[in-house]
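Note sheet for the following structure.
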Amino acid sequence: MKLFKGPMKLVYIGNKLAAYGYTPTGVEYLGELLREGGHEVVQASDVRNTLARLFHMVLTIIRNRDAKVILIDTYSSSAFYFALICGYTAFLLGQPFILILRGGDLPTRTSRNPRLVKGLFRKAASVVSVSLFLQKSFDNFYSTRYIPNTIPLSQYVFKKRKLVRPRLLWVRSLHSVYNPSLALKVLKFLSLKYEDAFLTMVGPDKEGLLDDLKEEAHSLGILERVSFTGKLSKSEWIMLSEKSDVFINTTHFDNMPVSVTEAMALGLPVVSTSVGGIPFLISHEINGLLVPDANPESMMAAIDRLIQNPDLVVAIAAAARQKVELFDNSIVLSQWNKLLNEVV
């Protein structure tokens, strides 16, 4: 079979809501990468209302019958039904579609609705896992293809940190699933030992948690040691990272968070909860440190270990940068082009 090797028209379905203060998602950063690679990419949707957004997604698929492939971001929450409806729309129109698995809790969704999930997967031209965790999770359920999340590595200047202080950086949406409260508890423990302990928390307030977090920081006596920046642009928080020494990831469950790979690219040693796909990204004591979920004492001890062991910091940071070089734009774009050619 002769493969179509040139640029093609694609429809990319996902929640494109960064303009409203949300964290950019795959439809935005992967969509832009595919566009830079020469493809024509029609993206949907940036409509804020949930039902109107779903309607716009379906309408976009119908209106672009000439698209070669439909790409559909697939999450584990209620947004899974967006993927379900859009996938079946493409199938009924005879358009090949690729599901891109992004939800860290998709294995749970699958265990609850196995027939529903498998029915959708079987109609897809391909199912892509953006993490080895999700690919492994679906080993006995459905064969998926691993193509990692991408980062433009040239934008991330590696800083070698020989000595670190308890200057912590946290970058996620203020959402309960990411457990931002844990970061405050960790800072409290560190402040008892280090006078210069400080925490910078970057991210939009998605659940209205900011006031509660400020109140918690006040009750812990650390409010003056915390900076809540709100949402920052990529370049702004990269510049801010220069003043930080340790990146912490406090989430309850996760897949392959871009913010963590970015921190690894910048040379920030990462301390993360060992949940979901994180152990597939971070190997304990090799390119980061892993701790149990919801355990501030363990995370504080891991950070303290980095402060006391500069050789460990240098080794971890170097290995982390080497790991994320596999996620560079050029490599990931090549993998996507190969898959798109195969599907067409």
Side-chain angles (χ1 to χ4, degrees), residues 10-37 39 41-50 53-54 56-57 60 71-77 79-80 82-83 86 98-104 128-131 134 147-156 169-175 177-178 180 200-207 209 228-241 247 249 251 254-266 268 276-277 281 324 327-333 336:
L10 309 170
V11 170
Y12 197 145
I13 299 297
N15 292 322
K16 189 181 177 184
L17 301 175
Y20 303 110
Y22 291 87
T23 303
T25 60
V27 68
E28 290 161 298
Y29 55 78
L30 177 56
E32 184 58 31
L33 175 64
L34 293 168
R35 188 175 286 119
E36 291 173 0
H39 300 287
V41 183
V42 179
Q43 295 165 296
S45 169
D46 59 0
V47 176
R48 193 166 191 174
N49 177 271
T50 302
R53 187 163 68 250
L54 174 59
H56 183 229
M57 290 173 174
T60 300
L71 306 177
I72 304 175
D73 278 344
T74 309
Y75 292 93
S76 49
S77 63
F80 169 79
F82 282 36
C86 290
I98 298 173
L99 297 172
I100 307 173
L101 307 184
R102 297 193 179 279
V128 171
S129 294
V130 299
S131 72
L134 283 178
I147 302 180
N149 283 328
T150 177
I151 60 172
L153 204 61
S154 62
Q155 296 181 16
Y156 300 86
L169 180 61
W170 186 98
V171 182
R172 298 302 288 261
S173 299
L174 299 182
H175 192 289
V177 73
Y178 302 132
T200 302
M201 303 191 76
V202 178
D205 186 12
K206 288 187 69 173
E207 271 192 338
L209 295 179
F228 296 97
T229 71
K231 182 187 177 184
L232 297 180
S233 69
K234 190 77 67 180
S235 59
E236 286 173 332
W237 89 254
I238 288 176
M239 288 180 61
L240 187 64
S241 72
F247 187 94
N249 185 49
T251 184
D254 223 324
N255 185 15
M256 184 182 170
V258 173
S259 61
V260 173
T261 61
E262 291 172 325
M264 295 165 74
L266 291 166
L268 281 163
L281 175 64
V324 299
F327 309 150
D328 186 41
N329 277 358
S330 60
I331 296 174
V332 174
L333 178 59
W336 269 106

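Just so it is clear, the values below take in all heavy atoms, side chains as well, and ignore hydrogens, waters and symmetry mates.
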Are Thr261 and Leu281 close enough, and set up right, to give a side chain to side chain contact (heavy atoms under 4.5 Å, CB included), and what steps lead you there? CA-CA 8 Å; Thr261 61; Leu281 175 64; 3.9 Å; yes

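Counting only N and O atoms by type, the side chains of Asp328 and Ser330 include a donor and acceptor under 3.5 Å apart.
Between Trp237 and Thr200, every side-chain heavy-atom pair lies at or beyond the 4.5 Å cut-off. Between Tyr178 and Thr251 there is a side-chain heavy-atom pair separated by less than 4.5 Å. In this structure, the side chains of Leu34 and Leu333 come closer than 4.5 Å at one or more pairs of heavy atoms. The side-chain heavy atoms of Thr50 and Leu54, taken from C-beta on, include no pair separated by under 4.5 Å. With a 4.5 Å cut-off on side-chain heavy atoms, Phe82 and Tyr75 do not count as touching.
Scanning all heavy atoms of the two residues, the minimum distance from Glu32 to Gln43 falls at N-NE2, 4.4 Å. The two residues Leu174 and Pro180 have their closest heavy-atom pair at CD2-CB, 4.3 Å. Of all the heavy atoms in Ser241 and Leu266, the pair that sits closest is OG-CD1, 3.6 Å. Shortest non-hydrogen contact noted between Leu101 and Ser129 is CD1-OG, 3.8 Å. Contact record, Ile13 with Val11: CD1-CG1, 3.8 Å, taken as the closest heavy-atom pair. Shortest non-hydrogen contact noted between Arg48 and Leu17 is CA-CD2, 4.4 Å.
Between the CH2 atom in Trp336 and the CD1 atom in Ile98 there is a gap of 5.0 Å [rounded to 0.5 Å]. Here Leu71 contributes atom CG and Leu30 contributes atom CG; the two are 7.0 Å apart, rounded to the nearest 0.5 Å. With rounding to the nearest 0.5 angstrom, the OH atom of Tyr156 is 13.0 Å from the CE atom of Met264. We find the OG1-OH distance between Thr60 and Tyr12 to be 14.5 Å, quoted to the nearest 0.5 Å. With rounding to the nearest 0.5 angstrom, the CE atom of Met239 is 11.0 Å from the CG atom of Leu232. One finds the OH atom of Tyr29 at 11.5 Å from the CG atom of Asn329 (value rounded to the nearest 0.5 Å).
The main-chain N or O of Val171 is found under 3.5 Å from a side-chain atom of Ser259 such that the two form a donor-acceptor pair. At distances below 3.5 Å, at least one donor-acceptor pair connects side-chain atoms of Glu28 with backbone N or O atoms of Ala18. No donor-acceptor pair under 3.5 Å is formed between the side chain of Glu262 and the backbone N or O of Ile151. Side-chain atoms of Asn255 never come within 3.5 Å of backbone atoms of Ser131 as a donor-acceptor pair (strictly under, hydrogens ignored). Side-chain atoms of Ser45 come within 3.5 Å of backbone N or O of Val47 as a donor-acceptor pair. In this structure, the side chain of His39 does not engage the main chain of Val41 through any donor-acceptor pair within 3.5 Å.
When each of Asn149, Thr74, Thr25 is tested with Arg102 by the rule side chain to side chain donor-acceptor pair (under 3.5 Å), just one qualifies, namely Asn149.
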